Structure formats: structure tokens, C-alpha cells
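Presented below is the structure to which this report refers.
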Amino acid sequence: MVSQLEDCPMKKLIVLAAAATALMTSACVTVIDGDSDWSWHGEGAQAFDGARDECRQRGDEHSTAFVTCMADKGWVRS
């Protein structure tokens, strides 16, 4: 018995396209506040708002503790 996926080339193409899209978007870089002099950049980082809210509990946004916390969550300021 032939599987339905092997029977339809279009289904193979759709599955391949979905897999390729998932791989390409998994390495995306996110930039927050790109217009300012200091922007946050994250690659595969935790959601920005959640990371920022958690790190604010460790110190204000200009403290070393805050910046270190954000780095631990995948965000770097440049």
C-alpha cells in the first residue's frame, strides 16, 4: 500500500516548504527600539516584554544586573 504523501507530489512540496519556513524563521534576529542610539538585539531570545519585566525586578534598566539578566535571556544592547 502506497502512503498518501508518496502519492501526491504537491503534498511533498507543501511539507518541504513548511519545514524550510520553520528553519529559516528560527534564526531570526529581533531588534527592539531600532530608532534609538541603544537598541536591544535578540536571536532566539525569550519574549522581550517578559524578559524586561523579570529583569526590572533585579535593577533599573541602566544597572549591570539588568543588562546581565537580559543577556541571560538572549538580549544584548548595542
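Side chains are part of it too, since the values below use all heavy atoms of this structure and drop only hydrogens, waters and symmetry mates. Note that the coordinates shown come from a computational prediction; the quantities given were computed from them, not determined experimentally.
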*Could you pull out the closest heavy-atom pair between G74 and A45, with the gap in Å?*
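Answer, listing the atom of G74 first, then A45: O-CB, 3.4 Å.
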
*Tell me, with the steps shown, if H41 and S78 meet side-chain contact (heavy atoms from CB on, under 4.5 Å).*
CA-CA 7 Å; H41 302 270; S78 59; 2.8 Å; yes

*With E54, which residues qualify under side chain to side chain donor-acceptor pair (under 3.5 Å), at least two apart?*
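Q46, K73.
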
*Sequence neighbours left out, what passes side chain to side chain contact (heavy atoms under 4.5 Å, CB included) with D60? Give chain and number order.*
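For D60 the side chain to side chain contact (heavy atoms under 4.5 Å, CB included) partners, ignoring immediate neighbours, are H62, S63.
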
*Heavy-atom distance under 4.5 Å between the side chains of W40 and M70, does that happen here?*
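In contact.
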
*Under a 4.5 Å cut-off applied to non-hydrogen side-chain atoms, are R58 and F66 in contact?*
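Result no, sub-4.5 Å side-chain heavy-atom pair not found.
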
*asked:* Within this structure, what is the SG-CD distance for the pair C69 and Q57, rounded to the nearest 0.5 Å?
replied: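 Going from SG on C69 over to CD on Q57, the span is 8.5 Å.
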
